[in-house]
Amino acid sequence: MEEYVISLEGIKGLLENLTREGFNIYAPSKNNDRFVKVKDIDEVALFPDRRPTDISAKECLFPKCEPVFYYKREKNNVEIVDIDPNGNKVLFGLKPCDAASFTIIHKVFNWDYKDKFYNKRFDNSLIIGLACTYLDDYCFCTSVGLSPVSTVGSDILLVRLSDVSFGVIVITDKGGQLVKRYPQLFEKGEPTKSKQVLDSIGGPARKFDHKKVKEWLDNNFETDFFNSIGDICVGCGQCTFVCPTCHCFDIVDEDYLYSEGRRMKNWDGCQFYLFTLHASGHNPRDTQYKRYRQRVNHKFKYYVDRFQEVLCTGCGRCSRGCPVSIDIGDIVSRISKLS
Amino acid sequence: MENIYKPYLMEIKEIIDETPDTRTLRLQFKSEEDKKRFSFKAGQFAEYSVFGEGECTFCIASPPTRMDFIECSFKQVGKVTNALRRLNVGDTVGFRGPYGNWFPVEEMRGKNIVFIAGGIGLAPVRSVILNVLDRRKEFRDITIIYGARTVSDLVYKRELEEWQSRNDIRTVVTVDPGGETPDWKGEIGFVPTIVERISPKGENAVSIICGPPIMIKFTLPIMMKLGFKEDNIITTLENRMKCGLGKCGRCNIGNIYVCKDGPVFSYSQLKGLPQEY
Amino acid sequence: MADIISIAKSIFENQKAEMIIGYAKATKEGRTRPVVVRTLDEVKELVLNSFCLNNLSTYLTRKENKGKRVAIVAKGCDIKAIVQLIAENQIRRENVYVVGVKCSGVRRGFEGHDSTKIAEKCITCNVKTPHLFDELVEMKGEELPGTDEKAESIVKLEQMTANERFAYWEEQFERCIKCYACRQICPLCYCERCIADKSMPRWIETSPTKRGNFAWNIVRAFHLSGRCIGCNECERVCPAGIPLSLINRKMAKVAKSEFGYESGMDPNAPTLIGTYDVKDKEDFIR
């Protein structure tokens, strides 16, 4: 892997150049609640020690709602107007737990049927990661095969060397081309320096073996383990909405007028009663503990069975934000000790 | 890249009211190109849509051997099925598919086949029945056992009569006790009871069973008693679906997606699944 | 006054309830979680401190808890919700055993909120000593700093023109992701079928677009008018950080100033929205 050094000014210059190339820059908002389109590049700041945004970066490539086509009706006839997501994006300052999420959900959007909406956005974006020095009780990236310095998902990864200087690790061809386009901004770096910083970043305290979690889930579908969670979970589903890897969605139509409208793809979540409710009134996941069991299984078993990836990056958002303090890291680490 | 959410446009060519609340639509591709491109196998399903209302999942009820029309049958229960019912001949609906797996028709060649269906569960079975009848010579004895709650709940009545009049298949139609009319000439009794009475042989035979869960639950032990192999008892599962493409995440039963790995399952596969359907 | 654990023990020993809904330690220091305790062995889990933010009365209307005799640990504000639920005939007084908390105020929130400050609802709280209970327990709290900034925001909103206010809420609702966490946590959102979930007809667009978000948030505000007891759980749980208390408190303010009604105070008082009164000032109803 090639390494460079870039100054803080250089980063701003890079973003300015990319803006000129036609990229929209997305970075954590001022109050750190989500990734927003940057209006003023001078406002972009790099905080490796800030906690993950409240809502993950997933919405940059998989928005909370998007039209999949428009339709027009006239008498008996319907005309469908196909659309393509356009616009090039730079996702800037993603923590490795956010960057990795795209590598993970890429699989579900690309097996057999390919979702062009996700894919086009993915293809047209550049992901600039930032090695993370934030740690709290909810983080557990190292337990799901990642780390605060993981390069998974990033095109280039920035490593903070000082307030004004950042190491640049080039990961993908896209990242390499970026460096080649603006050679004046990048100095050839000493790999040891970034490495020193990277080595000094420890992992989160919470540690468990996700293979053990799967092992137990493989053999324990009918279990009372989830009952006490079902007691208190209110089914608000915020965990699924803030999650960088939860990707379930709903498809609905929206009319503007009788004559035209659009079909939408909206976020949806497994914690809702309606999610699996049949038209007949039957509901296979009729109680909250079943819905919670589904979430844990989907992340640590089903997705692994199908895509060989854990559907979780250990970012801890779901637990930080849970209104009733359900802590998924605690739950799965307890599960890992059961098998 | 293709838009996987974009449906084909189809025109309603004919509307057939099967029962007071069940209707069959006979659809035709609006574009010749789409029609040529399209193919499917018996048992596969599709997403049907009314623009402005949304999409809805049903199996394709017509056989792949009759490609002039695509037929679907649906019960009026929710938002989209109500909207579908409001449409008239000549109106346009969206059609996305075919999705999912299919009945192992090729593997059924040279075997005896027993079709068992209840209520609107006959829709997916009809696709394979017609498919098999169109290729009658390739299969051995064919038995059809179909039941509904009442006489008026029987679907595909014209075809039932036609099947009953053929002497190269055996067709038994039954209604639940109390569901008969004074002039009812068929059987009276629940489907499992009738299956037991008719006792089709399990040897060299495949059985396709579709219907309400309670019917399937009580029919399965009888099939086992009759000597059917677990691999040769085939049914379909339904779960709520939205995308049909293995992405939207709601139709899974354990780690299998009904929309991708189903809807057709053998009894032996079924036994390995968690109770989540 | 006895502590929460001994109270809980005596509840089970004297068979006053079959389950106790209370607070337990969460996995992280400085955080609690709701817990349902069903046996004597489990009562040791219970805690009571200024991190006991949740309004547990939201569990009382759960299908699986209905008709059961349930004990609940409730602060004055939470008891307002219980009172309102009784007034609205959702639960029976005799089925709830209320362990009222003499409360000195809770913190503003967990992660992402400033937990060193006192919750805004506590500053103007008029039920620090509960107004309905079967038994009292004291929460040992400390003095927490904090001012009621939301009161100022409401005044600011009142001074805006309609267009300005619309623009303000447009910006706020833009962030809504339609997770309905506000509804799920709300003790008074007990409808078996929420209007947002009805599809025939579809009253509220499910998409988190401007139209859908406005429809949802405004309908919820109206539906809670004269009912919301101000526990502010919806605002606390909103992952998008929408200041829902501004709407709810404004509506409560109107209920008070226009109709002299304060929700959650008297279980026997007729409810504001649920009561027909010929003396109502609006004449369309007559």
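In the text below, chain A, chain B and the rest are named by the order of the sequence lines, each starting its count at 1.
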Measuring from atom CD of Glu42(C) to atom OG of Ser228(A), what distance do you get when rounded to the nearest 0.5 angstrom?
9.0 Å
Go through Ser325(A), Gly269(A), Gly329(A) and name the one with the most non-hydrogen pairs under 4.5 angstrom from chain C.
Ser325(A)
Tell me whether Lys72(A) at atom NZ has more than 12 heavy atoms from other residues, nucleotides or ligands lying less than 6.0 Å away.
no
Could you look at Asp197(C) and say if it's the side chain, the backbone, both or neither that has a heavy atom under 4.5 Å from chain A?
both
Quick check on Asn227(A) against chain C: is it the side chain, the backbone, both or neither that has a heavy atom closer than 4.5 Å?
neither
To the nearest 0.5 Å, atom SG of Cys179(C) lies from atom CZ of Phe272(A) at 6.0 Å
Any donor-acceptor pair under 3.5 Å linking the side-chain atoms of Asp327(A) with those of Thr27(C)?
yes
Calculate, to the nearest 0.5 Å, the distance between atoms CD and CD belonging to Gln288(A) and Glu64(C) respectively.
9.0 Å
If you look at every heavy atom in Asp255(A) and Glu205(C), which pair is closest and at what distance?
O-OE2, 4.3 Å
I'd like to know whether NZ of Lys25(C) has more than 12 heavy-atom contacts from other residues, nucleotides or ligands below 6.0 angstrom.
no
Do you know the tightest heavy-atom contact between Asn54(C) and Pro323(A)?
ND2-O, 2.8 Å
Okay, side chain of Arg34(A), backbone of Arg175(C): is any donor-acceptor separation there less than 3.5 Å?
yes
Taking side chain as everything from C-beta outward and backbone as N, CA, C, O, which of these in Thr240(A) sits under 4.5 Å from a heavy atom of chain C? Side chain, backbone, both or neither.
neither
Proximal component of Cys233(A), with respect to chain C [non-hydrogen, under 4.5 Å]:
backbone
For Pro239(C) against Gln238(A), the heavy-atom pair lying closest together
CG-CB, 3.8 Å
Is chain C contacted by the side chain of Val324(A), its backbone, both, or neither, given a heavy-atom distance below 4.5 Å?
both
If you take all heavy atoms of Met264(A) and Ser207(C), which pair is closest and at what distance?
CG-OG, 3.7 Å
Going by salt bridge (charged side-chain N to carboxylate O under 4.0 Å, His left out), Asp231(A) matches just one of Arg33(C), Arg38(C), Arg62(C). Which one?
Arg38(C)
Side-chain touch Glu29(C)/Asp137(A), heavy atoms, less than 4.5 angstrom
no
Determine the minimum heavy-atom distance between Lys64(A) and Glu174(C), stating which atoms define it.
NZ-O, 2.7 Å
Rounded distance [0.5 Å steps], CD in Gln271(A) versus CD in Gln184(C)
10.0 Å
NZ/Lys68(C): more than 12 non-hydrogen atoms of other groups inside 6.0 Å:
yes
If only atom types and distance count, is the side chain of Lys63(C) paired as donor or acceptor with the main-chain N or O of Thr287(A) below 3.5 Å?
no
Which bit of Cys186(C) comes within less than 4.5 Å of chain A, counting heavy atoms only: side chain, backbone, both or neither?
neither
Specify which of Asp33(A), Asn32(A), Ile55(A), Val242(A) makes the most heavy-atom pairs with chain C at under 4.5 Å.
Ile55(A)
Counting only heavy atoms closer than 4.5 Å, note whether Ser199(C) contacts chain A via side chain, backbone, both or neither.
neither
If you count every heavy atom of other residues, nucleotides or ligands that lies below 6.0 Å from Asp49(A) atom CG, does the total exceed 12?
yes
Show the nearest heavy-atom pair for residues Lys178(C) and Phe241(A), with the distance to one decimal.
O-CE2, 3.6 Å
Take a 6.0 Å sphere around NZ of Lys212(A) and say whether it holds more than 12 heavy atoms from other residues, nucleotides or ligands.
no
Heavy atoms from other residues, nucleotides or ligands near NZ of Lys28(C) exceed 12 (cutoff 6.0 Å):
yes
Residue part contacting chain C, namely of Arg206(A), when any heavy atom lies under 4.5 Å
side chain
Please flag which part of Arg183(C) lies under 4.5 Å from any non-hydrogen atom of chain A: side chain, backbone, both or neither.
neither
Only pairs of heavy atoms separated by less than 4.5 Å count here; which of Asn31(A), Ile232(A), Asp330(A) has the most with chain C?
Ile232(A)
